Amino acid sequence: MNITDVGHLTSDADIGEDKLELAKSRERKSAWEIAEFYTKTFKDDMKALNLIPPDILCKATDHIKEQISLIKELEKKGFTYGNEDGIYFNTSKLKDYGKLARLKKDKLKFGIRVDIKDKKHATDFALWKFSLKTHKRDMEWKSPWGVGFPGWHIECSAMAMKYLGDSFDIHCGGIDHIPVHHTNEIAQSEGATGKKFVNYWLHGEFLVLKDAKMTKSGENFITLNSLTERGYDPLAYRYLCLTAHYKSPLDFTYESLDSAQTGLNRLRNKILGLKGKKSNIKNTSAYEKEFLDHINDDLNLPRALALLWKLIEDDKIDYKSAIKFDSVLGLELDKEKKEKIPKEIIKLAGERDRLRKEKKWKEADIVRDKIAKLGYIVEDSDSGFKIKKLT
Ligand SMILES: [Zn+2]
């Protein structure tokens, strides 16, 4: 897995403002601090989502040397040209440019001069961009062509080929990267080596934010952290993702996340209930094969998850096999989880307790009803109060 932590432009077309430099003025931090911050957040989220850490997690800023030598190789083979903006890849020189996205050659407008600082063809892209003389960047490096920074696409090609070789089997990424980013990765890598870059591309569809209420309230940027603050288990989000195939868009709403949370809790309780129970199921290999068949069918996780549910409901699975399935699903189904109570509920419960101590029974009951409306119940005992989720 790689982190492309060199600043990137807000557009794929080598124009627009630099995202890191933009964030720099917004967040009043250096580009290095911002890259560090989001890298750390990304790693924390991966951990919370119970993702298996990659063997290598490399950063583009640690591989400038490799990127420069890849550009040099392309230069040697005649794929590059320089202009006032930087060093560009000449896409007309690669005969099958655009094959991944099935870009039509006639639509690529080869030979038509475009207005982007002397770019020869619309699809040509920057390998190395020069820093402006008037503006000192946080991230810039010396190169044989001048001080500047690498293009986004070259970062991925250089790191992937360093660790996986000139050719490798599987490359993942978002579906939005097909027409430009991955198309250009192929162009650079195959231009430099003359070998096939990647055998299989796995492109993930989008997570779609459709909830009108949310977009209206301006909440169109949701982080995993904001979900946990609302009391959701990060793995409820993982469960939600498992309900759609990676090639299908997935709608995000709080209702769908609620059902994912309920589904996860129920699944966990059912499986924990199987623990220690003597099973009279003799042939586990048949359904284990069925599970594996779904996974091998282009990672059909929704089917695999549905199979687990069916087996549980038909009382046809034992604890051991269920946990074996979970080594793929990654939902920590063997761990008893204490449900996190949202901060808002804790605050209300504290308020109710204070009102009771002041003998303001009526007001306390109003708060209790408010808590119940949000799906929780407060139980009083000698040692204080306890919040429970209404089931
Ligand atoms: Zn990439």
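Sequence positions, counted from 1, serve as the residue numbers for this chain. All values below come from the heavy atoms of this structure, side chains included, with hydrogens, waters and symmetry mates left out. Values in this document were obtained by computation on a predicted structure and should not be read as measured data. Atoms within a ligand are numbered from 1 in the order they appear, just like the ligands themselves.
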* Taking the Zn ion (ligand 1) as the reference point, name the nearest N/O/S atom of E185. =>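 Nearest N/O/S atom of E185: OE2.
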
* To do: Compute whether any side-chain donor of one residue and acceptor of the other, for N184 and Q188, lie under 3.5 angstrom apart.
  =>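 No - no donor-acceptor pair under 3.5 Å links their side chains.
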
* Asked: Under 6.0 Å from the six-membered ring centre of Y287 and within 45° of its axis: does the NZ or CZ of K316 meet both?
  ->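 Not flagged: K316 not positioned over aromatic ring of Y287.
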
* From the options L331, L264, D233, select the one residue that forms a side chain to side chain contact (heavy atoms under 4.5 Å, CB included) with R238. =>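 Going through the options one by one, the only one that passes is L331.
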
* **Backbone or side-chain N/O/S of H181 under 2.8 Å of the Zn ion (ligand 1)** =>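 H181 does place an N, O or S atom closer than 2.8 Å to the Zn ion (ligand 1).
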
* Does H182 bring an N, O or S atom to under 2.8 Å of the Zn ion (ligand 1)? ->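 Given the 2.8 Å cut-off, H182 does not count as a ligand of the Zn ion (ligand 1).
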
* How about K335 and L272: do any of their side-chain heavy atoms sit closer than 4.5 Å? ->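 K335 does not reach L272 side chain to side chain.
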
